[in-house]
Amino acid sequence: MPSTARRLSGRLNAWDRLPVSAETKRRWSRRRSVPTVPGLALKLLEGDLGKISPMWAGWTLNPDTGVMSAPNGDTWTAGRLQAWTYERQLLDSLKRRVMDPLQPRLF
């Protein structure tokens, strides 16, 4: 089986998470070839987003926690990413208010 078929620290790994039968996994393993779509799913389940595109090199997605990590160490959850749009809109709104000539001077 591919290296992804090994268990790591007792946790399910990407190969174990792939929703296909054991016979299909054995067939792919014998052929040393995984079809494109399941192969991409395996890459995603392994969490290394750089395997999908070089533009994502160094970015990871932990399939157990759902936390995405940037190469610089910053991390995001799905909720944090969803909140980003709201935070950006709030910041833009505050900038407009501060730049408004009718706004009283703060300092």
Enquirer: Given Met68, which partner from the list Thr60, Leu81, Asp74, Thr75 fulfils the side-chain contact (heavy atoms from CB on, under 4.5 Å) test?
Expert: Leu81
Enquirer: Do Leu94 and Tyr86 share a hydrophobic cluster (ILVMFWY, side-chain heavy atoms under 4.5 Å, transitive)?
Expert: yes
Enquirer: Does Arg88 have any salt bridge (Lys or Arg N to Asp or Glu O under 4.0 Å) partners at least two apart in sequence or in another chain, and if so, which?
Expert: Asp92
Enquirer: Determine whether Trp84 and Leu90 fall in the same hydrophobic cluster, where Ile, Leu, Val, Met, Phe, Trp and Tyr are linked whenever their side-chain heavy atoms lie under 4.5 Å apart.
Expert: no
Enquirer: Does Arg27, at its CZ atom, have more than 12 non-hydrogen atoms belonging to other residues, nucleotides or ligands within less than 6.0 Å?
Expert: yes
Enquirer: Measure the CG-CE distance between Leu49 and Met55 for me, rounded to the nearest 0.5 Å.
Expert: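 The CG atom of Leu49 sits 11.5 Å away from the CE atom of Met55.
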Enquirer: List the residues meeting salt bridge (Lys or Arg N to Asp or Glu O under 4.0 Å) with Glu23, not counting sequence neighbours, and say none if there are none.
Expert: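 Here the qualifying residues are Arg26, Arg30.
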Enquirer: If I take atom CD from residue Glu87 and atom CD from residue Gln89, how far apart are they, to the nearest 0.5 angstrom?
Expert: 10.5 Å
Enquirer: Looking at side-chain heavy atoms only, is the closest gap between Pro71 and Trp59 below 4.5 Å?
Expert: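 A side-chain contact under 4.5 Å exists here.
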